[in-house]
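We use all heavy atoms of the structure for the numbers below, so side chains are in, but hydrogens, waters and symmetry mates are not.
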Amino acid sequence: QLQLVESGGGLVQPGGSLILSCAASGFTSDYYAIGWFRQAPGKEREGVSCIRSPDGTTYYADSVRGRFTISVDNAKNTVYLQMNSLKPEDTAVYYCAAAFFRPITTAQAMSAPLYNYWGQGTQVTVSS
């Protein structure tokens with residue numbers, strides 16, 4: 001059974017940084033995608049970033065490109081989301097998700113219905 005556990009959320013001032021972690025276990029294939037999504041109160045869940053295995057291709061939403069970086073430590077089975085220059089509009093519950101497919105486009109990588117496994121979420125609040 002594939003399991004995902006997020007950590008690293010918290011309260012940060014505008015312009016600050018946070019690193020989110022997604023510890024994964026139970027993978028049965030080398031071909032999968034790990035995505036980060038977020039959901040703010042009253043809004044739909046949106047894709048933030050994705051990394052594709054095994055080649056490491058990355059995808060980013062326009063709203064975070066240049067500020068967020070997704071990476072993976074295969075030895076630790078952990079995916080990270082480095083978030084810099086945070087803005088109040090980045091405030092949301094952040095989820096990591098996994099699926100056994102290889103996204104070809106950013107639209108596919110950011111499509112929540114294509115992901116089968118989800119973590120419990122971690123709150124990120126950007127406020128002064």
Side-chain angles (χ1 to χ4, degrees):
Q1 180 74 15
L2 195 154
Q3 293 185 327
L4 304 169
V5 179
E6 304 101 331
S7 61
L11 173 64
V12 63
Q13 292 186 341
S17 298
L18 277 177
I19 301 177
L20 303 183
S21 300
C22 175
S25 62
F27 281 102
T28 57
S29 172
D30 290 335
Y31 295 90
Y32 58 85
I34 299 285
W36 283 99
F37 294 79
R38 66 186 181 187
Q39 188 166 19
K43 295 187 176 181
E44 293 186 355
R45 190 169 297 189
E46 64 172 349
V48 174
S49 183
C50 169
I51 189 163
R52 188 177 76 185
S53 175
D55 61 294
T57 299
T58 58
Y59 304 87
Y60 295 96
D62 289 342
S63 59
V64 306
R65 186 175 290 112
R67 299 188 298 123
F68 291 10
T69 303
I70 192 170
S71 62
V72 61
D73 184 333
N74 289 314
K76 296 182 178 181
N77 292 327
T78 300
V79 174
Y80 302 96
L81 186 67
Q82 172 73 51
M83 305 186 295
N84 298 329
S85 302
L86 283 161
K87 305 175 182 180
E89 51 263 43
D90 293 318
T91 295
V93 177
Y94 283 71
Y95 300 89
C96 71
F100 293 106
F101 83 113
R102 300 183 74 242
I104 304 300
T105 65
T106 301
Q108 288 179 341
M110 300 294 133
S111 178
L114 295 180
Y115 289 76
N116 311 103
Y117 304 93
W118 292 82
Q120 81 285 356
T122 186
Q123 176 71 45
V124 172
T125 302
V126 184
S127 175
S128 55

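- Ile70 contributes atom CD1, which lies 8.0 Å from atom CD1 of Ile34 (distance to the nearest 0.5 angstrom).
- The side-chain heavy atoms of Arg38 and Asp90, taken from C-beta on, include a pair separated by under 4.5 Å.
- Taking 4.5 Å as the limit, every side-chain heavy atom of Tyr60 sits out of range of all side-chain heavy atoms of Thr106.
- Taking all atoms of both residues into account, the shortest heavy-atom contact from Lys43 to Gln39 is O-NE2, 3.2 Å.
- Interatomic distance, OG of Ser25 versus CG of Leu2, reported as 6.5 Å (0.5 Å rounding).
- Note on Leu18 and Ile51: same hydrophobic cluster, where clusters join Ile, Leu, Val, Met, Phe, Trp and Tyr whose side-chain heavy atoms are under 4.5 Å apart, directly or indirectly.
- You'll find the side chain of Leu20 stays beyond 4.5 Å of the side chain of Glu6, heavy atoms only.
- Using modelled atom types, no side-chain atom of Arg102 and backbone atom of Tyr31 make a donor-acceptor pair closer than 3.5 Å.
- No path of Ile, Leu, Val, Met, Phe, Trp and Tyr side chains, each step under 4.5 Å between heavy atoms, connects Trp36 with Tyr80, placing them in separate hydrophobic clusters.
- For the pair Arg67 (side chain) and Ser85 (backbone), a donor-acceptor distance under 3.5 Å is present.
- Using cut-offs of 30° and 60° on the angle between ring planes, the pair Trp118 and Phe37 is tilted.
- To the nearest 0.5 Å, atoms CD (Gln123) and OG1 (Thr91) are separated by 7.0 Å.
- Two different hydrophobic clusters hold Val64 and Val93 under the rule that ILVMFWY side chains link at heavy-atom gaps under 4.5 Å.
- For the atom pair CZ of Arg52 and CD1 of Ile104, the computed distance is 5.0 Å after rounding to the nearest 0.5 Å.
- Of the possible donor and acceptor atoms, none in the side chain of Tyr115 sits under 3.5 Å from a partner among the backbone N and O of Ala33.
- By the 4.5 Å heavy-atom criterion applied to side chains, Ser49 and Leu81 are counted as neighbours.
- Counting all heavy atoms, side chain and backbone alike, Pro103 lies closest to Cys50 at CG-SG, 4.1 Å.
- Residue Glu44 places its CD atom among 12 or fewer non-hydrogen atoms of other residues, nucleotides or ligands, all under 6.0 Å distant.
- When all heavy atoms of Met83 and Val124 are compared, the pair lying nearest together is CE-CG2, 3.9 Å.
- Between the CD atom in Gln82 and the OG atom in Ser21 there is a gap of 10.0 Å [rounded to 0.5 Å].
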* Please assess Thr122 against Ser7 for the test side chain to side chain contact (heavy atoms under 4.5 Å, CB included), listing each intermediate value before the final yes or no. => CA-CA 6 Å; Thr122 186; Ser7 61; 5.9 Å; no
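- Note: the hydrophobic cluster containing Tyr59 does not contain Phe68 (ILVMFWY, side chain heavy atoms under 4.5 Å, direct or indirect links).
- Using the six-membered ring where Trp is involved, Phe100 and Tyr32 have ring planes that are perpendicular, over 60° apart on the 30 and 60° scheme.
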